[in-house]
Amino acid sequence: MTAGRVYLVGAGPGDPGLLTVRALELIRSADVILHDKLIPWEALRDARADAELIDVGKIGGGAQVPQDVTNALLVEKAQEGKDVVRLKGGDPFVFGRGGEEAQVLRAAGIPFEVVPGVTSGIAGPAYAGIPVTQRHVSAAVAFVTGHEDPSKPDTMLDWAALAAFPGTLALYMGVKALPRIASALIEHGRPADEPAAVVQRGTLPDQRTVTAPLGELPDVAKAAGIKAPAIIVVGGVAELHDEIAWFEDRPLAGRSVVVTRAKAQASALADRFRSLGAQVIEAPAIGISPLAVDLPDLSTFDLLCLTSPNAVDRLFELVRDARDLAGLRVAVIGPGTAAALRAHGVEPDVVPERFVGEGLLEALEGVEVRRALIARARDAPDVLPDGLRERGVEVEVLTTYEAVAEPLSEAVRDAALAADYVTFASGTAARYFLDAVGGAAPSGQIVSIGPTTSGVLREGGVEPDVEATVHTPDGLVDALLADAAR
Ligand code: SAH
């Protein structure tokens, strides 16, 4: 059997956006992935469903898997003919033992490739507004392991040389050792008043940075409760944090936000919150299940009403020939549904100003309609069909899909109940979420997209703290931002 290939891949420091294109490509195709603890968990989301994922970062939450066990696994899996991705935090060759693994693979005659990653010693400071080099401030940077105890005689590090190093020091793994590192550097001549910083969980949504003169940094970091993983930066560049910090300044930095929409729709809203700095918890207690229906002859209708993006997508699964829609006036409930329709190449004729059933009825006032088809979810409110019938319109309701309950894992449920904000973009999402948490009350602020959703929440015994004035996902985001700024 020909041996598989091993890829020593860097996964970056934590922000999944900092995975390289090559890393993602290899994750998607790997037979086996051996990964560390310090990798973005999202990195594994794209692995094949049948890929074997092995956590070699820890054993059952406890000790690290010994390096020789990892080495043996790499060789063994490759010899079984499998393509193996060895996924490591940051860069595989920067304090990642990737070099040792390459040596083992070469000795065993197994072909390998190395995919560099974004290293935390550069990225953490960068996300804290600290460039590791800067003209007129620092013309060199040294990456140093802070793992070694500077008081031990057998240290590999020459502290005198490091103290004298003419540039920035980026120290990895040094939180516990910070007091000893700071004193060793100062003892060997580094000025105690030199700017320094610690960046905890760099590039992750809950990143924190503290800055202080080197001599005071251990106390300041301790008072702030700084923990691993963290990068220590020593050098004039650390001062630039005050001037050009950006990541921690975003409006929702340090806040957690729950998105309760169905998976298919959640990502746009989740991305909005993420880009505003929030830590997003996706809690899709609701899924979309298509229903088998026969589409009636569309040429017998003069109005088609669509009240959700899902209804639009489902309709286009059912329409065999787009020209069947040619003679129809199409009304949608709001901008989201309009966008979904445009994505299928159809321009809506009617978009109301208020994005609720009543608003659509108002918008249709004065429009001459004989027969209307409403394609929608099971259990959608009857405001629209009832209102049209009252006007003498012949209405056919076509139920094309239904919402189904999706169980939430215990971890997601706990995280959602403890989050700073829980957002509800529809009454259905609200109902299913409340069911999934089994009556437990979220401790954070409850944000509702509008009156219908708020009504469902109140029925479930939950009083919304914030209700959007514009009943769209954008309106929901704006309402949450306004609350966060208070
Ligand atoms: N190969 C990795 C480093 C592995 S050593 C890289 O290139 O980044 C582990 C140390 O890296 C941690 O103790 C910590 O000092 C640092 N580290 C890793 N991820 C980090 C993060 N997101 N923020 C701050 N430091 C991090």
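Start at 1 and go down the list; that is how both ligands and their atoms are numbered. Just the heavy atoms: all of them, side chains too, but no hydrogens, waters or symmetry mates, feed the values below.
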Against heavy atoms of [X], which atoms of ligand 1 measure under 4.0 Å?
{"X": "D91", "value": "1 (N), 6 (C), 7 (O)"}
{"X": "T119", "value": "6 (C), 7 (O), 8 (O)"}
{"X": "R201", "value": "22 (N), 23 (N)"}
{"X": "V199", "value": "24 (C)"}
{"X": "F95", "value": "4 (C), 5 (S)"}

Note: [X]-[Y] ion pair, threshold 4.0 Å (strictly below):
{"X": "R97", "Y": "E100", "answer": "yes"}
{"X": "R272", "Y": "D474", "answer": "yes"}
{"X": "R274", "Y": "D271", "answer": "yes"}

Nearest neighbour in protein (non-hydrogen) for [atom]:
{"atom": "atom 20 (C) of ligand 1", "result": "S120 CB, 3.5 Å"}
{"atom": "atom 14 (C) of ligand 1", "result": "A230 O, 3.4 Å"}
{"atom": "atom 21 (C) of ligand 1", "result": "G202 N, 3.5 Å"}
{"atom": "atom 3 (C) of ligand 1", "result": "V94 O, 3.5 Å"}

[X] near ligand 1, heavy-atom distance under 4.0 Å?
{"X": "G89", "result": "yes"}
{"X": "A228", "result": "no"}
{"X": "T203", "result": "no"}
{"X": "G124", "result": "no"}

- Query: If hydrogens are left out, which of Q207, R97, M173 has an atom nearest to atom 12 (C) of ligand 1, that is, the closest non-hydrogen atom?
  - Reply: M173
- Exercise: do D15 and Y127 side chains pair donor with acceptor under 3.5 Å: yes
- Task: Would you name the heavy atoms of A425 and L476 that are closest together and state the gap between them?
- Result: CB-CD2, 4.4 Å
- Query: Y432 and E406: side chain to side chain contact (heavy atoms under 4.5 Å, CB included), yes or no, with the steps?
  - Reply: CA-CA 8 Å; Y432 281 84; E406 292 269 353; over 6 Å; no
- Query: In terms of the angle between their ring planes, are F143 and Y172 parallel, tilted or perpendicular, with boundaries placed at 30° and 60°?
  - Reply: perpendicular
- Task: State, yes or no, whether a side-chain contact exists between F112 and L74 at a heavy-atom distance under 4.5 Å.
- Result: no
- Quick one: are Y7 and R22 in side-chain contact, heavy atoms under 4.5 Å? yes
